[in-house]
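Here's the structure, in structure tokens; my notes come after.
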There are 2 protein chains.
Amino acid sequence: MRKKEKITIHDIALEVGVTASTVSRALNNHPRISATTKKMVLDAAKAINYKPNRIAAALRHGKSKLIGIIVPTINRNFFSSIVRGIEEHANALDYKVMISQSYDDYKKEVATIEALLDARVDGIMVSLGKNTHNFDHFESVLQKGIPLVFFDRTTDKLNVNQVIINDYLSAYQATSHLIEQGYRHIAHFTSHMKIRIYQERLRGYEQALLDNGINFDPRLVVESNMQLDGGQMSTHRLLDNNLGFDAIFSASDYAIVGALQELKRINVKIPQEVGLVGFSNEPFTAFTEPTLSTVDQKAIDMGQSAAALFFEMVNADQRNKPKVKKVLDANLIVRASSKRLQ
Amino acid sequence: MRKKEKITIHDIALEVGVTASTVSRALNNHPRISATTKKMVLDAAKAINYKPNRIAAALRHGKSKLIGIIVPTINRNFFSSIVRGIEEHANALDYKVMISQSYDDYKKEVATIEALLDARVDGIMVSLGKNTHNFDHFESVLQKGIPLVFFDRTTDKLNVNQVIINDYLSAYQATSHLIEQGYRHIAHFTSHMKIRIYQERLRGYEQALLDNGINFDPRLVVESNMQLDGGQMSTHRLLDNNLGFDAIFSASDYAIVGALQELKRINVKIPQEVGLVGFSNEPFTAFTEPTLSTVDQKAIDMGQSAAALFFEMVNADQRNKPKVKKVLDANLIVRASSKRLQ
DNA sequence: CCAGCAAATGCAATCGATTGCGCTAATATA
DNA sequence: TATATTAGCGCAATCGATTGCATTTGCTGG
């Protein structure tokens, strides 16, 4: 079984009796090629099983039809769903997607940007790492005129297109929900205050308290890494300081599970004694006992929006176009952990 | 701020006063280039911030330095961790990774293979979709001589390199563990019997029963989609048929959570009355109440092994090399749901 | 002093597709 | 009928890096 020769447009040209130029134009549906020739070319292409070499095309017109995506970790339902949304939109337009993970490591994020530029991607979509507070590595992307879209973990220090959810409003609604359920001493689990989403969620939390005549007590706001153990530690801090909280609104589902575990360990009744609301709608929030209320971020929508924004940038004339910030609404999902009325 | 001209080896050549050929060879550390010239070229390259155009290189020597990965869904800790393992290994060798999801859809899997071939990837690594029982789409990959590695969800109908865990042994150990804990009527949740991993896990389950003098009762083996609802339905089937089971070994973590929920709903005590063991060590198994015993598949190891296998194929002379099947050992993680002794 | 050889580099083709420009022939316009 | 258009296609350069085959230079040995 000998190796099949690679078949190129020249083979089609030979077959049809025209030149490669004509074949190329025919394949690209160029208006200056007659319908009959086009048909012959298309038929011949199919007949000899021609596959265009995207690499050659990419070299010629500088488009790789590749989009680079960087997320902190793909290993989260939220991020993998966003990627899914992007992929769906991109594949429909004949683009492929390259995924990289920064693991919340600043250096890796920088290196990944480099790698994507090396790979000559046509655009980059990023959700920032937790430790990224310097944005120089994106400047070179912008300078090269490569479309750049941020989603979810974004920054305002850079003038770029971004897609986010209304973190402020979601937090406001989640907190209001707890208040409606009769909780009054609501704690808040959060993370690095340099990160926009945590700032916003805190802001929504505060405003909801304010609007309902509840005093904001900074001691009830606890920072951690937002992982399971972070949630556990934060819970202990609240307990140890004897702050008498009766609910927790956490900016992360992982942290709220940590709280749930610790509270159950000391026989605190959920939701009767303490109400819990998380953030992200990770699948496991439906698996816990009791099930956890949380905020669904409509990840797939976000991915599709981000992709849509990207393709707008690709098609439109980009010079001096003002950058847009697309804000999606999230969805509070009320489950057992915060429902104590009725 | 005008657009920076693209800088190529010709710019370096001009700078140094040699030709592009020499520059190319110098950059690639060709032995016929003098050390001094090499140094000058390297210095100049750095000075003018030269970035090689991988697309051009790819076109010339037919290597894209891209690896395509296809998984059913990235949205599972197991798969995303495998991808992480592959990525780590690949990036270290200056390869990039393109991830695609088949969503367990046969047609999408076929289309994705096409797309990856179109993108001229240098190799493909696949975990098969649940509904893939025809493998013609891989034949064209093999014919083109493109390295192909299967992992986890593999098939023996194709002569390819593969990386799997010892599903048989893991199931044997999990079942044996339940028996040691005093359970005697152990049910098994499984899925499509066309899929290797489920065959193997069933086999291990059976053999463990046999070796411990327990009768194998086919009515205790329940097939489902292995999702949460599948686990719930399977549990009801067991209950409705009044089969008097006292443990479940599930080939999926999702299904075992479904069982856990249903059993708790009717006040069955876990692990006192019924013991549970899942498979995959999804993160949420540590979040449930009680925590779930499960089998850890060492996903990152698997990814790295798969990548290692791939690079062996790339480097070695591939003709007629016998295909290898790399079998990794998994790890039984005993948590509360199956620990009733002591 | 010159053939002989090796080291170092240049020349030019090549990978496959794209595209500006030009050419031919057919059709339209005057 | 002569000129102006236009449709349809070919020529050849191009994208940037690579590489087989020269070519040049320098050195060794006879």
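As the structure is a prediction and not an experimental result, all values here were calculated from the model.
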Quiz item: Does the A:K38 side chain pair with the main chain of A:H30, one donor and one acceptor, at a distance under 3.5 Å?
Solution: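 Confirmed, A:K38 side chain pairs with A:H30 backbone.
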Practice problem: Ignoring hydrogens and angles, tell me if any N or O in the side chain of B:N131 forms a donor-acceptor pair with the backbone of B:D105 under 3.5 Å. | Solution: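 No, because the side chain of B:N131 does not come within donor-acceptor range (under 3.5 Å) of the backbone of B:D105.
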In the structure I gave you, are the side-chain heavy atoms of [X] and [Y] within less than 4.5 Å of one another anywhere?
X      : Y      : value
B:T155 : B:H133 : no
A:D156 : A:Q162 : yes
A:L59  : A:I55  : no

Could you check how far [atom1] of [X] sits from [atom2] of [N], rounded to whole Å?
X     : N      : atom1 : atom2 : result
A:R32 : C:dG22 : CZ    : C1'   : 11 Å
B:H30 : C:dG10 : NE2   : C1'   : 13 Å
A:L14 : D:dG10 : CG    : P     : 12 Å
B:N29 : C:dA8  : CG    : P     : 13 Å

Quiz item: Are any of the side-chain nitrogens in B:R153 or B:D104 under 4.0 Å away from the carboxylate oxygens of its partner?
Solution: yes
Quiz item: Any Lys/Arg nitrogen of B:D94 or B:R54 sitting under 4.0 Å from an Asp/Glu carboxylate oxygen of the other?
Solution: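 B:R54 and B:D94: salt-bridged.
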Quiz prompt | Helix axis bend for the helix from C:dC1-D:dG30 to C:dA30-D:dT1 - C1'-based end axes, five pairs, 10° rounding | solution = 50°
Quiz item: OP1 or OP2 of C:dT9 less than 4.0 angstrom from a side-chain nitrogen or oxygen of B:S34, does that happen here?
Solution: yes
Quiz item: Aromatic ring centroids of B:H89 and B:F310 under 6.0 Å?
Solution: no
Quiz item: So what does B:V23 hit on the nucleic acid, given a heavy-atom distance under 4.0 Å: a base, only sugar-phosphate, or nothing?
Solution: nothing
Please enumerate all protein N or O atoms sitting under 3.5 Å from an N or O of nucleotides 16-19 of chain C, with distances to 0.1 Å.
residue	atom	partner	partner atom	Å
C:dG16	N2	A:A56	O	3.2
C:dA17	OP1	A:Y50	OH	2.5
C:dA17	OP1	A:N53	N	3.3
C:dA17	OP2	A:I9	N	2.6
C:dT18	OP2	A:S24	OG	3.0
C:dT18	OP2	A:N28	ND2	3.2
C:dT18	O2	A:R60	NH1	2.0
C:dT19	O4	A:S21	OG	3.2

